[in-house]
Chemist: 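One structure, as structure tokens, below. Some questions next.
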Amino acid sequence: MPELPEVETIARGLAKRISGDSIESVWLGPKPEPLKSSAAEIAAALEGRRILNVRRVGKHIVFDLEGNQNGAAKIRAQWIVHLGMTGSLLICPAESELEKHTHAVLQLASGRELRFIDPRRFGRLSVIDKFEAPGAEPLQIDFEGFTALFRGRKTPIKSALLNQKLLSGVGNIYADEALFRAGIRPRRRAASLTRDEFKRLHSSLKRVLKEAIRLGGSSISDYVDSNGEEGFFQLKHRVYGRDSEPCLVCKTRIKRIVIAGRSSHYCPSCQK
DNA sequence: ACTATGTCCTGCGAGC
DNA sequence: TGCTCGCAGGACATAG
């Protein structure tokens, strides 16, 4: 569910509120294990650890944990959370009632709890030494690097933007919004874009992501950050979720098509 | 190697 | 009111 701006908002909120806190004990939910590592592995790696920092990498939330002093060597660890479509991480008072679909609860030394809730169970938890995303960060990559990602690709530009091995963090909403702002149709073959079009796409993607971060992400259906607060970027959507509504620029009806199984929205007149 | 398609899940709103 | 259908912010495996 959450894309780069939502994950960034969640990670910043968590960093502010739980950095320095320690994980006293871990409860992992029953049978449907939404986990990549085994439950025992995760619990063992988390219990007793102090959280140094929380940050975003692509659509992943990375918890940097303090190394355990184990003889001479410090064992470092990172707890990685991917929220899938419907995952959320909430900081709650320990006494507050457990929400349905709660799959993990971390008791913190401060007396609060960090809870992982995920109705559709597409989310994943894992523990590794050093996490690295395969794709480039869209807010970091320069123009030459950006165009190089798409060289020789016949897939629609929309699909290429969603490919996490190329770019980390772009999802369905921001791909559609960036393509609209760049004036490019989602079905265009990636390699067919001109240099000028890549220029527009590169800058509109960054602009859209930055503005969305500023507004705390897009709240559609159930997205909330770690404080349970909603974002406001959905108010700025120009095409996403606006099927058949008039284009805000030219009044043409926004079209909805399916590309690689994902709904895609565009203005047939503004986008070429 | 690259691309398109199906699958994993639950919940919600639309339409009958 | 209650049912069924289609759809949902993601990522993988598989087949071609």
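Chain naming here is simple, since letters A, B, ... match the order of the sequence lines and numbering starts at 1 in each.
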Chemist: More than 12 foreign heavy atoms under 6.0 Å from CZ of A/Arg253: is that the case here?
Modeler: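 No, not enclosed.
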
Chemist: So does A/Arg124 get a side-chain nitrogen or oxygen closer than 4.0 Å to the phosphate oxygens (OP1/OP2) of C/dA11?
Modeler: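 It does not, given that no N or O in the side chain of A/Arg124 lies less than 4.0 Å from OP1 or OP2 of C/dA11.
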
Chemist: Counting Watson-Crick and G-U wobble pairs only, both distances under 3.5 Å, name the nucleotide matched with C/dA15, or none.
Modeler: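 Across all strands, the one nucleotide that pairs with C/dA15 is B/dT3.
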
Chemist: Taking atom types as modelled and ignoring hydrogens, do the side chains of A/Arg188 and A/Ser192 form a donor-acceptor contact shorter than 3.5 angstrom?
Modeler: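 Yes, a side-chain donor-acceptor pair sits under 3.5 Å.
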
Chemist: Separation of A/Asp118 atom CG from B/dG11 atom P, in whole Å?
Modeler: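 After rounding, the gap between these two atoms is 11 Å.
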
Chemist: Among B/dT5, B/dG11, C/dC7, find the nucleotide with the atom closest to the side chain of A/Arg256.
Modeler: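 Minimum distance to the A/Arg256 side chain belongs to C/dC7.
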
Chemist: Which label fits A/His60 and A/Phe131: parallel for a plane angle under 30°, tilted from 30 to 60°, or perpendicular past 60°?
Modeler: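 A/His60 vs A/Phe131 ring planes: tilted.
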
Chemist: Using the ring of each side chain (for Trp, its six-membered ring), is A/Phe146 parallel, tilted or perpendicular to A/Phe198, with breaks at 30° and 60°?
Modeler: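 Perpendicular: the ring planes of A/Phe146 and A/Phe198 meet at over 60°.
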
Chemist: Take atom CD1 of A/Ile173 and atom C1' of C/dC7, then tell me their distance rounded to the nearest Å.
Modeler: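 Rounded to whole Å, this separation is 14 Å.
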
Chemist: How close or far is atom P of B/dC2 from atom CG of A/Leu149, stated in whole angstroms?
Modeler: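 Roughly 12 Å, once rounded to whole Å.
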
Chemist: Nearest of B/dG11, C/dA11, B/dA4 to any side-chain atom of A/Gln164?
Modeler: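 When the side chain of A/Gln164 is considered, C/dA11 is the closest of B/dG11, C/dA11, B/dA4.
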
Chemist: Would you classify A/Pro134 as touching base, sugar-phosphate or nothing, given that sugar-phosphate means primed atoms plus P, OP1 and OP2, and contacts are heavy atoms under 4.0 Å?
Modeler: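 Nothing, no heavy atom under 4.0 Å.
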
Chemist: Before accepting this row, confirm whether a basic side-chain N of the pair A/Glu8/A/Arg56 lies closer than 4.0 Å to the acidic partner's carboxylate O.
Modeler: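 A salt bridge is present here (some side-chain N lies under 4.0 Å from a carboxylate O).
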
Chemist: Distance check needed: B/dT3 P versus A/Leu166 CG, whole Å only.
Modeler: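 In whole Å, B/dT3 P and A/Leu166 CG are 9 Å from each other.
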
Chemist: Is A/Thr86 near enough to B/dC9 that one of its side-chain N or O atoms lies under 4.0 angstrom from OP1 or OP2?
Modeler: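 The answer is no; no side-chain N or O of A/Thr86 sits under 4.0 Å from OP1 or OP2.
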
Chemist: Of the nucleotides C/dA8, B/dA4, C/dG10, which one has an atom closest to the side chain of A/His82?
Modeler: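 Side chain of A/His82 sits closest to C/dG10.
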
Chemist: So, does A/His101 get its side chain near the phosphate of B/dG11, meaning an N or O under 4.0 Å from OP1 or OP2?
Modeler: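 Answer yes for this pair, as a side-chain N or O of A/His101 is under 4.0 Å from OP1 or OP2.
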
Chemist: Heavy atoms under 4.0 Å, any strand shown: does A/Gly261 hit a base, just sugar-phosphate, or nothing?
Modeler: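 Since no nucleic acid heavy atom lies under 4.0 Å of A/Gly261, the category is nothing.
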
Chemist: Please state whether the phosphate of C/dG10, meaning OP1 or OP2, lies under 4.0 angstrom from any side-chain nitrogen or oxygen of A/Lys59.
Modeler: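 True: A/Lys59 side-chain N/O within range (under 4.0 Å) of C/dG10 OP1/OP2.
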
Chemist: Rounding to a whole Å, what distance do you find between A/Ile157:CD1 and B/dC2:P?
Modeler: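 Interatomic distance, CD1 of A/Ile157 to P of B/dC2: 15 Å.
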
Chemist: Output the single nucleotide from C/dA11, B/dA4, B/dT5 whose closest atom is nearest the side chain of A/Ala260.
Modeler: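 The answer is B/dT5, which lies nearest to the side chain.
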
Chemist: Expressed in angstrom and rounded to an integer, what is the separation of A/Glu99 atom CD from B/dT10 atom P?
Modeler: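 About 16 Å, once rounded to whole Å.
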
Chemist: Would you mind reading off the distance between A/Leu162 atom CG and C/dG10 atom C1', rounded to a whole angstrom?
Modeler: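 The distance from CG of A/Leu162 to C1' of C/dG10 comes to 9 Å, rounded to the nearest Å.
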
Chemist: Work out how far the P atom of B/dA1 is from that of C/dA11, and round it to whole angstrom.
Modeler: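 22 Å, rounded to whole Å.
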
Chemist: For nucleotides C/dC3 and B/dC9, find the distance between their P atoms and express it as a whole number of Å.
Modeler: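 Rounded to whole Å, the distance is 24 Å.
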
Chemist: May I have the distance from A/Asn172 (atom CG) to C/dA8 (atom C1'), rounded to whole angstrom?
Modeler: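 Atom CG in A/Asn172 sits about 10 Å away from atom C1' in C/dA8.
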
Chemist: Base, sugar-phosphate, or nothing: which does A/Tyr174 touch, judged by heavy atoms less than 4.0 Å apart?
Modeler: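 No contact.
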
Chemist: Across the strands shown, which category fits A/Ser159 at heavy-atom distances under 4.0 angstrom: base, sugar-phosphate, nothing?
Modeler: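 If one applies the 4.0 Å heavy-atom cut-off, A/Ser159 turns out to touch nothing in the nucleic acid.
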
Chemist: With a non-hydrogen cut-off below 4.0 angstrom, is A/Lys165 in contact with a base, only sugar-phosphate, or nothing?
Modeler: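 Contact class for A/Lys165: none.
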
Chemist: Relative to the ring of A/His103, is the ring of A/His101 parallel (under 30°), tilted (30 to 60°) or perpendicular (over 60°)?
Modeler: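 Ring orientation of A/His101 relative to A/His103: tilted.
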
Chemist: Taking NZ in A/Lys272 as the centre, count heavy atoms belonging to other residues, nucleotides or ligands within less than 6.0 Å. Is the count above 12?
Modeler: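 Yes, because the 6.0 Å sphere around NZ of A/Lys272 holds more than 12 heavy atoms from other groups.
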
Chemist: Does A/Phe122 lie flat on the base of C/dA11, that is, centres under 5.5 Å apart and planes under 30° off?
Modeler: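 No, A/Phe122 does not stack on the base of C/dA11, since the centre distance and plane angle fail the 5.5 Å and 30° test.
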
Chemist: Kindly point out which of C/dG10, B/dT10, C/dA8 is positioned nearest to the side chain of A/Arg121?
Modeler: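 The answer is B/dT10, which lies nearest to the side chain.
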
Chemist: Per the atom types in the model, does the base of B/dC9 pair as donor or acceptor with the side chain of A/Arg120 at under 3.5 Å?
Modeler: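 Yes.
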
